[in-house]
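Notes to accompany the following structure.
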Number of protein chains: 2
Amino acid sequence: MGGVHAPTTSTELRLHNLTRLLRAVHAGGGELTRSQLTRELGLARGTATVLVSELAAAEMVLERPPADRPRGRPTHLVGPHPRGPVALAADLREDSWSITAAALGGASETLECRHHTAGLATDVLAELSGALRRRMAELDGRVVGIGISVPASVRDGRVVDAVHLGWHDVDLVSLLRLDGHPLVRLGNDATLAALAEARRGALRGVGLGLHLHVSLGVGGALVVGGRPLTGARGMAGEFGHLPLAGDPGQACACGSRGCWDLDVGANALIRHLGQDIPVDRRLDHAERLIALAADGDPASGRAVEIIARAFGRGIGALVNAHDPEAVTLSGLGARLYEAAPQTVTAGCEEALMAFRRQSPAVITASHLGAAAPRIGTAEMVFDAFLTAEGLRTWRTHRITSA
Amino acid sequence: MGGVHAPTTSTELRLHNLTRLLRAVHAGGGELTRSQLTRELGLARGTATVLVSELAAAEMVLERPPADRPRGRPTHLVGPHPRGPVALAADLREDSWSITAAALGGASETLECRHHTAGLATDVLAELSGALRRRMAELDGRVVGIGISVPASVRDGRVVDAVHLGWHDVDLVSLLRLDGHPLVRLGNDATLAALAEARRGALRGVGLGLHLHVSLGVGGALVVGGRPLTGARGMAGEFGHLPLAGDPGQACACGSRGCWDLDVGANALIRHLGQDIPVDRRLDHAERLIALAADGDPASGRAVEIIARAFGRGIGALVNAHDPEAVTLSGLGARLYEAAPQTVTAGCEEALMAFRRQSPAVITASHLGAAAPRIGTAEMVFDAFLTAEGLRTWRTHRITSA
DNA sequence: TGATTATGCTCTCGCCTAGAACAAAACATG
DNA sequence: CATGTTTTGTTCTAGGCGAGAGCATAATCA
């Protein structure tokens, strides 16, 4: 499920082991030595030699001397090649967009970041499209895929529904005119934040984790074996539209009633204070309100407490249902937890089944911050690229272009 | 992730392909021809010859002539060997236990079935233990594993909590004195019903499915790639303890509030009618109430409608959150859906996000009936056995015993 | 009876990895 | 500073595996 097929022939076996090696390099952040990789993958040293040489010849990895040198013959760190594969990650938000380039191992650099006020105006997309094409040209031949993170439901590469933006069934890939590129992937920002957490954050190595990403509302994903569940149509993780913590009769903009979204997120926080803020400034405003609360402002403080409690209760309910090993929070969720950890925890315990209270799941605020969706987007692209197929493409591409 | 490792050497490659072949035979119910298997697995005919011969020599499969003969040279059905592997499945319930033997391909026969009134009395376990040992002796050397289905939360092979039975942290495997056997697996009945549905029912081939099993309350599992999620501690699928459809303030016996369990299941149905029925007769009674409703009894009819609506609303909420391709119902859930399909559907649509209403997930009543946990138990055992390790064990065992 | 059709069997070939033996490059020690 | 120790890289051989080709086989069809 998702590109990693087991080999059935000896030829595929080679490709499979090359992929495994490359994935290990990527997962290790490009900071593992050749001998570590050899041990980790259970390869013979001779085999490792062949495989690493092949990847180095293809300009995917480069060996460099390590900082510290233990006793015996020195080994080398296997890291990304300076002319190696790059994933471009575009993070499109209600109020801004950015483009980040990530190399094998996950090291990334945000190349460009623009604010906008136009919501989904076509010229915002045109601007982003132009920037992406420019960056691809700059990185001549190194871009193996483009990922786009959007605050919206995504299905089969199309934006199905963006409640807060008023988008419905938009073919973003076509609008960005990236059809020509072989590997373009679209993802929901919360799902991608979960992916980032699974690969580079607190859910690393966790069998079953739950990640919640709070922005205007609440989204997230169950993470199973390092992979967020995306649902049959790529629209899972809409936890905000479970009736977890509030008035079951209250209507939600999504068309249902009693949604958790009505009680948690920037929208809820602002509504609780009776304020009226335009969509494209709500996230910033909500962060400011949480800061105000921390500084002792009573009205903000009360609102934050209410939201934090509702957040906690929903978390408890979700833990009841799914029994995760760990729960991680990103976006506004992390801020909320940092501002009122005891309130969130109390809400959670309140909703937990009694026998689970003895060993509740660990709640952690993500340390990836606002970069989470970007990082996850790059991981999504590398997931698609680090396959037998991707390797073949890279090799033939480099051979023909050289 | 569950025993299926990818090969890294050519020796493992052979074992891997043997396993794939055996799994395909099992998944196909032992009714696939050699040529079908060859095509399905993408093998060369020569390779298939070698692999099938090897499995036949090990007395795992047996080739037999097919019923219908198409044009060319006749091929053979690859089915279970009469002296081949057998999984024993014990289904332990509040009021009875049974033992079922399943062969490769899933064909099963219930060998023994006893009623009891003693709940968890030690002599019930002793009786079951004796019966299991007897069956193992009868099936001399063919039993590759024993699975046990229990109506309780299970963690690390121990019964953690059985609300309606009063069991807490019971080491059932030790109590049954089966420690000697290499492969003993314990599972929750709802989770195993979901597994059965995934392998032999309506969730076959479904990428992400949701199975709900209604008895006194509601349990179930998300099925991902043919495998039910069990949670970090094996206690997932407690969907009944999400506050999905009722009064959020109402206290539940589990220690939380507003649980779905309060509105759906035998307990809820009986409570809605203001009746008072002992725990061990509630399931039967609830079925009778649903039958009464179908016959036109107004009080029962109203109660069933209310429960069905709450059931539907919760399903809708879960579909919002997880976006399953299909939803299957077993136990009382199937009865409820058959009795009032339009009410369930209406409740579901009511809770769905508007944009999902265009293509809602398909709801299906399971056709496996009461056998679902048994079937799932056998599948659990074969899952553990049909691995490179399991094959090795079988081969060495047969070699030394022959 | 002979043509057609699809499958099974056998053998060769190329590919892959393990493992052993040897070489190399550092550090540790006196 | 020279020598021994330790760990890793390199090279080569042996054994195993599956693809594919060519042939054999067993049924149906005309």
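Letters go in sequence order (proteins before strands), and every chain restarts at 1. All of these numbers come straight from a predicted model, not from anything done at the bench.
One atom, CG of Leu51(A), and another, P of dC16(C), lie 10 Å apart when rounded to the nearest Å. With rounding to whole Å, Arg34(A) atom CZ is found 13 Å from dA25(C) atom P. The interatomic distance linking Glu54(B) (CD) with dC17(D) (C1') rounds to 11 Å, in whole Å. If you measure from atom CG of Asp68(B) to atom C1' of dT28(D), you get 13 Å, rounded to the nearest angstrom.
Minimum atom distance to the side chain of Ser10(B) is reached by dC16(C), of the listed dC16(C), dT8(D), dG18(D). The Ser35(A) side chain lies nearest to dT8(D) when the options are dT8(D), dC9(C), dC16(C). Set against dT7(C), dG18(D), dG19(C), the side chain of Arg73(B) has dT7(C) as its closest nucleotide. With dA26(C), dC16(C), dA18(C) as the candidates, the nucleotide lying closest to the side chain of Pro74(A) is dA26(C).
A salt bridge (Lys or Arg N to Asp or Glu O under 4.0 Å) with Glu379(A) holds for exactly one of Arg204(A), Arg185(A), Arg200(A), Arg23(A); it is Arg200(A).
Not a single donor-acceptor pair, N or O on each side, falls under 3.5 Å between the base of dT5(C) and the side chain of Arg71(B). On a pure distance criterion of 3.5 Å, a polar donor-acceptor pair joins the side chain of Arg45(A) and the base of dG9(D).
Judged purely by distance below 3.5 Å, without hydrogens or angles, the side chains of Ser35(B) and Arg45(B) never pair a donor atom with an acceptor atom. With no hydrogens or angles considered, a side-chain donor-acceptor pair links Thr100(A) and Thr110(A) at under 3.5 Å. Between the side chains of Ser366(B) and Glu197(B), at least one donor N or O sits under 3.5 Å from an acceptor N or O.
Using a 4.0 Å cut-off, no side-chain N or O of Thr9(A) falls inside it from OP1 or OP2 of dA19(D). Regarding contacts with the backbone of dC16(C), every side-chain N or O of Asn17(A) stays at 4.0 angstrom or more from both OP1 and OP2. Put simply, Thr75(B) has no side-chain N or O that comes within less than 4.0 Å of OP1 or OP2 on dT7(C). The side chain of Thr49(A) contributes no N or O atom lying less than 4.0 Å from OP1 or OP2 of dG9(D).
Looking only at side-chain heavy atoms (C-beta outward), Leu195(B) and Met380(B) come within less than 4.5 Å of each other.
Between Gly46(A) and Leu18(B), the residue anchored closer to the 5' end of DNA chain D is Gly46(A), taking for each the nucleotide with the nearest heavy atom.
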